[in-house]
Amino acid sequence: MSSPSIQSALQQMQSLSAQASGEQLKGQSVSTSVGQGGFADELSSSLQRINEMQQTAASQRTAFLSGDNDVALNDVMVDMQKASVAFEMGVQVRNRLVTAYKDVMNMQV
């Protein structure tokens with residue numbers, strides 16, 4: 001991995017760590033505005049991002065297997081793992097939605 005990509009990954013990890021602990025990193029502002037879109041729009045955009053991650057990982061894998069010298073194995077593996085984790089998250093969200101739907105449908109009125 002190149003130095004700029006390592007710095008970028010480190011900065012992303014620090015940002016996620018700060019978000020998880022409820023802190024704010026220096027020089028970053030936290031947006032608290034609520035968008036116009038609803039849950040369905042957010043779910044759709046998340047699925048599109050997951051799809052893009054999978055397509056990027058697949059194209060990098062294909063480029064590496066075809067012998068492209070600009071694609072490093074570690075970058076391919078990291079992108080494939082990111083796509084895998086994102087997909088698993090999408091599956092878990094879907095499972096929760098199906099369970100919630102079934103619970104609502106089984107409620108007595």
Side-chain angles (χ1 to χ4, degrees):
M1 236 185 195
S2 63
S3 180
S5 61
I6 291 173
Q7 292 298 329
S8 174
L10 181 60
Q11 187 177 26
Q12 285 178 345
M13 289 190 314
Q14 289 172 342
S15 174
L16 291 173
S17 174
Q19 286 177 358
S21 65
E23 298 174 359
Q24 183 176 342
L25 288 177
K26 294 178 184 176
Q28 288 186 345
S29 62
V30 176
S31 174
T32 58
S33 64
V34 177
Q36 295 296 323
F39 179 76
D41 292 336
E42 190 61 35
L43 183 62
S44 176
S45 66
S46 295
L47 291 175
Q48 288 174 353
R49 285 192 301 265
I50 291 170
N51 187 36
E52 289 171 6
M53 290 176 78
Q54 288 182 327
Q55 288 176 349
T56 300
S59 66
Q60 280 196 339
R61 181 189 68 217
T62 303
F64 179 77
L65 291 176
S66 65
D68 188 358
N69 291 333
D70 294 334
V71 180
L73 176 61
N74 56 344
D75 291 336
V76 173
M77 297 302 293
V78 167
D79 284 345
M80 288 179 69
Q81 192 64 29
K82 283 181 183 179
S84 175
V85 169
F87 180 77
E88 286 298 319
M89 184 268 316
V91 168
Q92 291 300 320
V93 168
R94 184 215 50 191
N95 291 343
R96 295 285 177 124
L97 286 173
V98 169
T99 301
Y101 176 78
K102 286 180 181 178
D103 289 345
V104 169
M105 287 293 121
N106 289 332
M107 285 183 184
Q108 293 181 358
V109 181

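Arg49 has a carboxylate O that lies under 4.0 Å from a charged side-chain N of Glu42, or vice versa, which qualifies the two as a salt bridge.
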For this session: Go through the steps for Asp68 and Val71 under the test side chain to side chain contact (heavy atoms under 4.5 Å, CB included), then give the verdict.
Result: CA-CA 6 Å; Asp68 188 358; Val71 180; 3.7 Å; yes

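Residues Val85 and Val78 do not share a hydrophobic cluster, defined by chaining ILVMFWY side chains whose heavy atoms lie under 4.5 Å apart. Residue Leu73 is grouped with residue Met80 when hydrophobic side chains (ILVMFWY) are merged at heavy-atom distances under 4.5 angstrom, including chains of intermediate members. The hydrophobic clustering, which links ILVMFWY residues whose side-chain heavy atoms are closer than 4.5 Å, places Leu97 and Met89 together. Follow the hydrophobic side-chain contacts under 4.5 Å out from Ile50 and you reach Phe39 in the same cluster. Following chains of ILVMFWY side-chain contacts shorter than 4.5 Å, one cannot reach Tyr101 starting from Val98, and the two form parts of different hydrophobic clusters.
By the 6.0 Å contact criterion, CG on Asn69 is open, its count of non-hydrogen atoms from other residues, nucleotides or ligands being 12 or less.
Atom CD of Gln55 and atom CD of Gln48 lie 10.5 Å apart (nearest 0.5 Å). Note that CG of Asp79 and OG of Ser84 are 12.5 Å apart. Values are rounded to the nearest 0.5 Å. Interatomic distance, CZ of Arg94 versus CG of Leu43, reported as 11.5 Å (0.5 Å rounding).
Met53 and Ala86 make their closest contact through SD-CB, 3.9 Å (heavy atoms, listed as atom of the first residue, atom of the second, distance).
A donor-acceptor distance shorter than 3.5 angstrom exists from the side chain of Asn106 to the backbone of Lys102, with no hydrogens or angles considered.
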